[in-house]
Novice: 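I have a structure I would like to understand better, so I am pasting it below and will then ask my questions one at a time.
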Amino acid sequence: MGYKIDTSEIFKKIHNINPGPKQTAAYIEEIRKADMAGDPYARLSLRASMAVFVPFFDDATKILPYCAEFFQIAEEHPEAASAYDRFTVAREAASLSIVLPQIELPICEKMFGEMEKVAAKLRCGAVRRLHMVCTEFYTYIDLQKAQEHYDIFNSEKMGSYSACTACEQHLKVWYTLKKGDIRLAHEMAKRIFSGGLECHDIPWQTYAVFLEHYMDEGGLGKYEPFVKKLMQGGCRDVSDLANAGTVLRCMPVINIEKGLRLLQQYWRWTVNMWNEQSLYFFYKGAWCCCREANLCGKSKTLYPPQGVNLEANTTEFFEEWFYNKAVQSAEKFDKRNGTDFYMKDLGRA
């Protein structure tokens with residue numbers, strides 16, 4: 001079965017629509033038409049493109065059923081499934097497994113397997129990207145496995161399929177911190193903090209991981225200026241919800257009144273948020289803010305954003321409410337992963 005649909009015109013039409021739910025709906029409609037037409041090339045390429053573009057501007061969970069369908073179609077029509085599309089779809093699904101605990105462990109590992117099948121053929125950094133994703137994923141589950149993936153990641157050359165240099169260096173810093181080697185993590189972070197490496201997410205996420213570490217240790221010390229930097233550059237919109245949570249966690253040490261104002265400001269980003277990991281960091285930070293306000297006698301009225309309907313609105317009430325929300329997120333991850341990583345993290349707060 002060959003080509004029936006000119007996908008180039010379809011992609012032009014889709015990408016002329018503003019990114020977000022409307023563009024996602026356009027993808028879904030064109031996929032429906034391709035399915036009806038029975039063109040396997042269009043069915044696969046549309047799903048692969050959707051997997052790449054939708055998570056940037058819309059609820060990423062929407063791509064998951066289409067990723068699953070992609071591999072079903074690829075099994076039926078292997079001639080229509082390019083190695084590039086196979087790798088791309090598997091990479092996007094595997095990356096989402098880090099932030100979505102509802103993706104079951106066997107499905108996560110199946111996506112890593114799909115990446116591995118084609119990574120060696122693609123080369124150009126594809127193997128490196130595979131093991132970078134696996135390093136982060138298994139750090140929450142099995143440090144020995146994570147180390148095995150990290151060693152391969154480090155030994156492979158970069159290429160067009162690997163992540164940007166800034167993100168790779170951040171992963172090295174993050175992983176080293178999780179292993180407890182603080183001195184080496186600081187050394188690795190110098191390239192980022194000197195301004196030599198940056199992208200949309202870096203250095204903001206690197207500031208955040210150091211702030212989380214030093215709050216775990218009981219104070220900020222000389223890293224307190226990171227809070228201001230993160231607040232100014234790394235809390236831009238809903239995609240930075242996790243960074244906002246880290247800022248909130250630090251504010252009780254700096255200025256609790258300002259922390260409560262920021263809590264009120266950032267809270268709206270949680271409405272309809274699909275990223276469970278970001279929600280976890282926000283709820284943890286919000287809980288820390290409310291707890292400190294109550295301890296120091298600075299309780300105040302908070303106003304939940306539209307869509308969060310609650311009868312009480314004091315920090316006394318929300319101290320328990322945010323804590324319970326953080327526990328719910330932590331337990332989802334730990335149940336899926338078969339560990340207590342997140343609950344231990346919450347305990348350190």
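If you read the sequence from its start, that first residue is 1, and numbering goes on from there. Side-chain atoms are counted along with the backbone in the values below, which use heavy atoms only and exclude waters and symmetry mates. Predicted model only: the values in this text are computed from it and were never measured.
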Novice: When the aromatic ring centroids of Tyr223 and His213 are compared, is their separation below 6.0 Å?
Specialist: no

Novice: Is it the case that more than 12 heavy atoms not belonging to Lys300 sit under 6.0 Å from its NZ atom?
Specialist: yes

Novice: May I ask you to check whether Tyr323 and Trp287 place their ring centres under 6.0 Å from each other?
Specialist: yes

Novice: Taking the side chain as every heavy atom from C-beta outward, state whether Gln306 and Val271 have any pair of such atoms under 4.5 Å apart.
Specialist: no

Novice: Measuring from Ile14:CD1 to Glu9:CD, what's the distance to the nearest 0.5 Å?
Specialist: 11.5 Å

Novice: Give a yes or no on whether Phe137 and Ile152 share a hydrophobic cluster (residues Ile, Leu, Val, Met, Phe, Trp, Tyr; joining criterion: side-chain heavy atoms under 4.5 Å apart).
Specialist: no

Novice: Rest of the hydrophobic cluster containing Phe56 (Ile/Leu/Val/Met/Phe/Trp/Tyr, side-chain heavy atoms under 4.5 Å)?
Specialist: Phe57

Novice: Hey, would you say the Trp174 and Phe210 ring centroids sit under 6.0 Å apart?
Specialist: no

Novice: Could you state the interatomic distance from OH (Tyr150) to OH (Tyr175), rounded to the nearest 0.5 Å?
Specialist: 7.5 Å

Novice: Verify the ring-centre separation between Tyr280 and Tyr342: is it less than 6.0 angstrom?
Specialist: yes

Novice: Heavy-atom distance under 4.5 Å between the side chains of Thr339 and Asp142, does that happen here?
Specialist: no

Novice: Mind running salt bridge (Lys or Arg N to Asp or Glu O under 4.0 Å) on Glu30 and Lys13 for me, showing each step along the way?
Specialist: CA-CA 10 Å; Glu30 294 301 333; Lys13 182 172 73 173; 2.8 Å; yes

Novice: Is the count of non-hydrogen atoms from other residues, nucleotides or ligands lying under 6.0 Å from Asn272 atom CG greater than 12?
Specialist: no

Novice: How are the rings of Tyr283 and Trp321 set to each other: parallel, tilted or perpendicular (split at 30° and 60°)?
Specialist: perpendicular

Novice: Running the 4.5 Å side-chain criterion over Ile, Leu, Val, Met, Phe, Trp and Tyr, what cluster does Met111 land in, apart from itself?
Specialist: Leu44, Phe70, Phe71, Ile73, Val89

Novice: May I have the step-by-step check of salt bridge (Lys or Arg N to Asp or Glu O under 4.0 Å) for Arg128 and Glu168, ending in yes or no?
Specialist: CA-CA 10 Å; Arg128 186 177 174 91; Glu168 286 199 348; 2.6 Å; yes

Novice: First locate atom CD1 of Ile192, then atom CG of Leu197, and finally report the distance between them rounded to the nearest 0.5 Å.
Specialist: 6.0 Å

Novice: Rounded to the nearest 0.5 Å, what's the gap from OG1 on Thr7 to CD1 on Ile10? Could you check?
Specialist: 6.5 Å

Novice: Would Arg336 and Glu104 count as a salt bridge (Lys or Arg N to Asp or Glu O under 4.0 Å) if you check the C-alpha gap in whole Å, the side-chain angles of each, and the deciding distance to 0.1 Å?
Specialist: CA-CA 6 Å; Arg336 193 275 305 274; Glu104 296 177 358; over 6 Å; no

Novice: Who passes side-chain contact (heavy atoms from CB on, under 4.5 Å) against Tyr84, sequence neighbours left out?
Specialist: Ser82, Thr88, Tyr161

Novice: Would you give the length of the straight line joining atom OG of Ser299 to atom CG of Leu260, rounded to the nearest 0.5 angstrom?
Specialist: 8.5 Å

Novice: Within the supplied structure, the quantity of interest is the number of heavy atoms (other residues, nucleotides, ligands) at a distance under 6.0 Å from Glu76 CD; does it exceed 12?
Specialist: yes

Novice: Does some side-chain heavy atom of Trp267 sit less than 4.5 Å from a side-chain heavy atom of Leu302?
Specialist: yes

Novice: Do the rings of Phe226 and Tyr207 sit parallel, tilted or perpendicular, given the 30° and 60° boundaries?
Specialist: tilted

Novice: Are Met115 and Met158 linked, directly or through other ILVMFWY residues, by side chains that come within less than 4.5 angstrom of each other?
Specialist: no

Novice: Salt-bridged, Lys284 to Asp345, with N to O below 4.0 Å?
Specialist: yes

